[in-house]
Every structure is written in structure tokens, then in C-alpha cells.
Amino acid sequence: MPKKETKKTTAASRIDARPTVKKPKDIVAGLSSASRVVAIETSLRQQKGTLPQIDREKQASALALRGNAKRFHGLKIPLRWFPWWRWRTPCSDKFGYMSSAATRKATKLPFDAATIALVEQLGDFMADATRGPGAASTIPAGFTYFGQFVDHDITLDVDSKLDVEQDATTIPNMRSPAVDLDAVYGQGPAVDAFLYQFPASGPPTAVRLLIGTNQNFGVGGPGGGDGTGPMNVQLNSDLPRAPTTNTALLGDPRNDENLIVSQLHHMMLKFHNKVIDGLVAAGFAGDIFVEAKRLVTHHYQWAVVHDFLRRICGQTAVDAAMASVTAAPGSAFAMPVEFSVAAYRFGHSMIREEYWLNAELRTKPMSDVFAFIRSPLLPVFSNWVVDFNAFFETGFNVAVFNNAHQIDSVLAPALDLLPGFSGMMAILAKRNLIRGMALGLPSGQGMAAQFGVAPLTAAELKQGLPAGEAALLDASGGLLLQKTPLWYYVLREAMVRGGGNQLGPVGARIVAETFVRMLKRDSDSYLNAAAPFTPTLNSAVPGDFTVADLANFSGVTVP
């Protein structure tokens with residue numbers, strides 16, 4: 001067991017170390033080159049009436065990426081910050097549509113001031129904190145953040161707009177549209193060497209991923225209580241970070257946005273390294289890194305399909321997608337905005353108000369899950385290392401198990417308490433709804449018709465809603481009942497037809513078919529392996545591999 005630090009701290013200060021909440025001006029003043037930042041802010045205020053909205057957003061985004069803000073979602077980042085081939089046609093991946101042009105034209109909401117005002121009111125109802133967070137689902141809470149991790153592996157939109165209509169086919173997708181873990185591996189050890197640890201001895205191809213170190217603030221992680229044994233001081237349970245700035249060294253910086261997804265990314269680093277260790281011990285004669293990456297990626301893809309999608313979409317929808325979707329390896333693909341802007345945003349409603357993080361910290365609010373992944377609280381405190389036995393069904397005991405909130409149209413009030421944000425819950429809901437309008441998404445009823453699925457009735461759409469929200473759906477001649485925004489429709493469908501425990505038929509089909517198409521067109525995916533792939537790594541059920549198995553194999557579920 002690592003030796004504890006000798007500095008004197010009270011148990012309360014070690015366990016519940018909490019930052020002083022700073023006002024925005026104080027945060028700016030604490031940044032490097034503060035005078036430049038202040039000058040930029042002053043310039044933005046002066047130019048507010050003259051700069052186009054998109055330019056103001058891009059300049060503001062540059063500030064949001066600095067210091068301890070760590071804001072990534074919804075930022076407008078200049079495309080020239082990225083390599084040219086990621087965004088210039090025909091070299092770049094793009095977003096696109098799953099629905100037909102005729103379906104969109106017939107069923108989309110008009111992009112006008114009156115309708116925008118209507119959906120903004122709907123966003124306010126979705127973000128009404130007085131409704132509470134909603135009931136718990138049967139889905140382990142870890143899948144909220146596993147879903148976020150997977151999203152960061154396949155999509156990144158930095159150029160869509162909210163103030164004008166836009167064709168999705170003109171928007172670059174800045175991630176590879178493949179379930180290939182490029183957010184973990186980057187461009188590989190030859191190009192992104194800063195992500196890797198090269199062997200000083202032994203097989204030269206046994207290249208591991210770098211692991212970060214923790215600040216010693218006492219015991220954390222798994223164990224304790226009625227768990228697997230006494231808790232330990234976790235000193236190798238953080239992401240690798242740059243000296244002085246503590247910037248995480250990652251293939252995608254969004255995976256350091258909150259503590260849980262950051263710890264999940266760390267779990268993936270250890271997963272790769274454990275596979276490397278196993279191949280070295282077995283005397284594997286080929287390229288160890290290549291084989292390890294293949295095994296890691298294929299087992300991860302298997303878990304996405306057979307565990308994550310099965311829970312979120314249902315086995316029937318997954319089987320139907322496997323049978324119906326045809327996509328030759330290397331075939332053209334555009335990430336459908338029906339998926340990225342609507343159906344896959346189901347996870348926003350699954351966020352809990354608080355989480356049981358480990359037996360030492362116990363229940364902590366969502367605001368701490370964000371605060372404890374920001375300077376000056378980095379590297380991650382050893383007592384804040386997450387016990388993933390409380391997030392996935394690993395087979396180990398915990399005092400409290402976290403289940404995600406139901407998939408429904410109620411967003412967690414905790415979103416309004418995140419550090420550096422104000423009114424985030426309403427902002428998120430409104431942006432999701434307006435972005436769908438700006439991109440000309442079909443209504444939920446339109447997608448149901450295209451799929452040949454019976455649409456939700458007006459009574460179903462209003463089932464269980466507060467009177468004010470139901471009245472809003474009836475307003476303007478029932479416009480939102482006839483052309484229900486796709487994101488809202490998918491959430492209501494999950495509640496009404498999935499009991500809040502999985503997506504309904506429209507949402508499930510969008511999500512399942514998108515993933516299956518990505519996997520079938522990827523010549524390196526497990527679906528295109530030379531021989532039919534069956535998981536071989538240690539698991540609870542031989543021949544299967546779940547996210548819980550991944551956590552256990554990586555070693556993060558034992559003290």
C-alpha cells in the first residue's frame with residue numbers, strides 16, 4: 001500500500017475537499033496572459049452589435065477552452081484550427097440525414113420566430129426544476145457516461161448554427177464515424193507519441209498507454225464497507241496530464257469534462273495495458289501493439305452492441321438492425337443528424353442529481369462531479385477515484401448502487417448547478433430543440449411514418465405531463481402535437497412505450513441502425529473479421545463481453 005503523505009489535514013478536508021466557487025471575472029483574472037483575455041472580453045462586448053453571431057460565439061469559445069472552464073459541448077470552434085483534410089470537401093466526413101428529403105419537407109417545423117418561441121417554452125418546461133429529477137430506471141448509471149464516451153468516439157460538431165437554417169450535409173464531423181476508439185488511441189504511437197509509454201526492455205512492440213498519477217488525499221476507489229476489501233490509496237488512477245497545466249493528454253479533450261467520464265477513459269487506458277500484459281506473458285510473437293488494439297477494439301465494439309445497445313434499444317431493435325442494414329466495407333456514410341442531434345441525446349435525461357462515488361465519499365452532488373476535474377483540484381484526488389462497482393453490474397458488492405434516471409422529457413435539475421454555468425438545463429433543452437429545427441429535422445411523426453411505425457397519439461404525447469406543458473402542445477393549433485420535435489418525441493416515446501427504461505421503436509431504430517451501419521462499413525470492425533468473432537478475454541459468461549467485464553478485466557473494480 002502506498003505511503004501516505006505526511007501533511008496534516010483533517011478527515012473532513014481530505015474527504016470533502018471542495019473548491020471556492022469563483023465568479024467569471026475571478027476565473028479570468030487567474031488565467032495566464034490575463035491582460036490578453038480581458039482585452040478579448042472587452043472587445044467582444046464592444047463588438048457585440050457589429051460582429052455576426054457565429055463570430056462572437058467562436059471568439060467566446062476560445063475563452064471557454066482556457067483555464068478551468070473545460071467547456072466543449074456546443075462550442076463554435078474555427079474549422080481552421082483543425083487539419084484541412086478533416087473539414088474540406090471531399091476529404092472530410094460530414095453529417096447527413098437518415099430521413100428522405102420528402103419526409104423532412106412535409107413534417108419539419110417552420111423555422112420562424114413564432115415557432116422558435118414555442119419550442120423555447122417547451123425547453124423551459126423540460127428544464128423546470130420544480131418537477132424534480134424523475135424516477136430511477138433499471139439502467140445502471142455507468143451507461144449514462146459510457147454513452148457519452150461512445151459519442152465522443154464518433155461525433156464532434158463545431159460548426160452548426162442556431163440562428164439560420166442549415167443543410168446537415170455541409171457540416172463536417174470532426175471525429176471518425178467509426179466505433180474505433182480513436183479518442184483513446186489518437187493517431188497511434190508513431191504520430192501521437194505523447195499518449196504512449198514505449199518499453200525500455202522486453203518486446204519493442206509492447207507499447208502501452210500512459211497512465212496518470214493522483215494527489216494523495218487518502219483512500220478511494222473500490223472496496224470499503226461491504227465491498228471487496230479495505231480501500232487503498234489510489235495513486236495510478238488518473239489520466240496522464242501535462243506538467244503545470246494539468247491538461248489531460250487524450251485523443252479527445254471532452255473525455256476530461258467530468259469526473260466519471262474521465263475515470264471511464266482511464267479505465268480504457270488500463271484495459272489496453274492489461275491486454276498488452278497478457279500478450280507479453282503469453283509470448284505473442286507478432287506485433288503486440290497491433291494485436292492488443294485489435295482485441296481491445298473488438299471487445300469494446302462487442303460490448304457496445306451486445307450490452308449498451310441491448311439495454312438502450314432492446315434486443316429486438318438490435319437484431320432487426322443487424323438483419324436489415326446493408327453497408328459494404330468502405331462504403332459512403334454521413335453521420336445522420338436524426339441520430340446525433342435527436343435520438344442519441346437521450347442521455348441528457350439519464351443524469352442523476354447525485355452519485356455514490358465510493359465508500360469513503362459516499363453520495364456527492366453532480367456539481368462536485370464536474371468541480372473535481374478542474375484546476376486547482378488536479379491531478380484527481382486519490383479519495384475521489386470512482387468505484388465502478390457502484391455504476392456497472394460487476395458482481396462486487398457496494399453499499400449503494402447508482403441507477404440512471406428514466407429516459408424521459410425531464411432533465412435533471414443538477415445541470416443548473418454545474419461550475420461556471422448558469423441556467424444550463426434550460427439552455428441545453430432550448431439548444432437541442434432549436435438546432436433540430438435549424439437543421440430541418442423531420443418530426444417524430446415523420447420518422448415514424450418513414451419507418452412504418454404507429455406514431456404516438458396526442459394522448460400518449462401528453463400522458464403524465466404537467467398541465468402547462470400539455471397546454472403548450474395544444475397551442476398554435478396543436479402544431480407541436482402534429483409535428484413534434486424529434487428529440488422531444490424520442491424522449492416521450494421512451495417514457496410512454498419503453499417505461500423510461502429503454503428507447504421506443506422510433507428512437508431505438510435510429511440509434512441501432514446508425515451503430516450497425518458504422519460497424520458494417522468499417523473493414524476493421526469485429527463484424528468484418530476474417531473469422532466470426534467471439535470474445536476471448538475473461539468474462540462472467542464465456543463467449544460474451546459486457547462493459548462490466550471490461551471494468552473487471554481492466555482491474556479498476558478491485559482495491
Side-chain angles (χ1 to χ4, degrees), residues 89-90 93-116 118-119 122 155 157 159-173 177 313 317 320-321 323-328 331-346 432-458 460-461 473 476-493 497 503-518 520-521:
T89 303
D93 288 307
K94 292 286 176 51
F95 287 91
Y97 295 97
M98 176 182 285
S99 57
S100 68
T103 295
R104 296 195 299 278
K105 182 177 180 180
T107 70
K108 69 179 181 179
L109 285 169
F111 192 76
D112 56 37
T115 310
I116 289 173
L118 199 64
V119 300
L122 182 59
T155 71
D157 168 20
D159 200 45
S160 66
K161 302 171 178 62
L162 298 177
D163 54 344
V164 296
E165 291 185 271
Q166 192 173 16
D167 186 336
T169 62
T170 67
I171 302 170
N173 178 13
C313 301
S324 65
V325 172
T326 57
S331 56
F333 176 78
M335 183 63 67
V337 286
E338 292 89 349
F339 169 86
S340 63
V341 174
Y344 200 70
R345 299 197 177 202
F346 65 84
N432 283 351
L433 293 167
I434 295 172
R435 181 170 283 111
M437 290 175 59
L439 290 168
L441 287 185
S443 67
Q445 292 86 352
M447 285 305 297
Q450 179 163 313
F451 288 155
V453 172
L456 293 176
T457 65
E460 286 177 312
L461 279 167
L473 296 181
S476 300
L479 178 62
L480 297 183
L481 285 177
Q482 299 159 25
K483 297 182 175 181
T484 308
L486 184 55
W487 177 53
Y488 183 80
Y489 183 97
V490 165
L491 296 178
R492 292 298 302 144
E493 184 190 55
R497 295 191 177 172
L503 296 173
V506 170
R509 182 163 173 179
I510 293 172
V511 171
E513 288 190 1
T514 300
F515 273 101
V516 170
R517 189 172 301 280
M518 282 190 287
K520 285 192 173 184
R521 66 176 292 273

Which value, rounded to the nearest 0.5 Å, describes the distance between [X] atom [atom1] and [Y] atom [atom2]?
X      : Y      : atom1 : atom2 : value
Gln450 : Ser100 : CD    : OG    : 4.5 Å
Ser331 : Arg517 : OG    : CZ    : 7.5 Å
Thr457 : Gln445 : OG1   : CD    : 10.0 Å
Asp167 : Tyr97  : CG    : OH    : 4.5 Å
Phe111 : Ile116 : CZ    : CD1   : 4.0 Å
Lys105 : Ser99  : NZ    : OG    : 14.0 Å

Do [X] and [Y] touch side chain to side chain, with heavy atoms closer than 4.5 Å?
X      : Y      : value
Arg345 : Val490 : no
Met447 : Met98  : yes
Met518 : Met335 : yes
Leu486 : Glu338 : yes
Pro485 : Leu441 : no
Leu473 : Tyr488 : yes
Ile510 : Phe451 : yes
Leu433 : Trp487 : yes

* To do: Report the residues that fulfil side-chain hydrogen bond (donor to acceptor under 3.5 Å, both in side chains) with Asn173, sequence neighbours left out, ordered by chain and then residue number.
  => none

* Asked: Would you say the side chains of Thr484 and Arg492 form a donor-acceptor pair under 3.5 Å?
  -> no

* Flag for Asp112-Thr115: side-chain donor and acceptor within less than 3.5 Å -> yes

* **side-chain contact (heavy atoms from CB on, under 4.5 Å) partners for Lys483, two or more places apart** => Leu109, Ser443, Leu479

* Structure fact -> Sequence neighbours excluded, the answer for side-chain contact (heavy atoms from CB on, under 4.5 Å) partners of Ser324 is Glu513

* Structure fact -> Scanning both residues in full, the closest heavy-atom pair of Gly96 with Thr169 reads CA-CG2, 4.1 Å

* **side-chain contact (heavy atoms from CB on, under 4.5 Å) assessment of Asp157 paired with Ser340** => CA-CA 9 Å; Asp157 168 20; Ser340 63; over 6 Å; no

* To do: Could you tell me whether a side-chain N or O of Lys161 sits under 3.5 Å from a main-chain N or O of Gln166, the two making a donor and an acceptor?
  => no

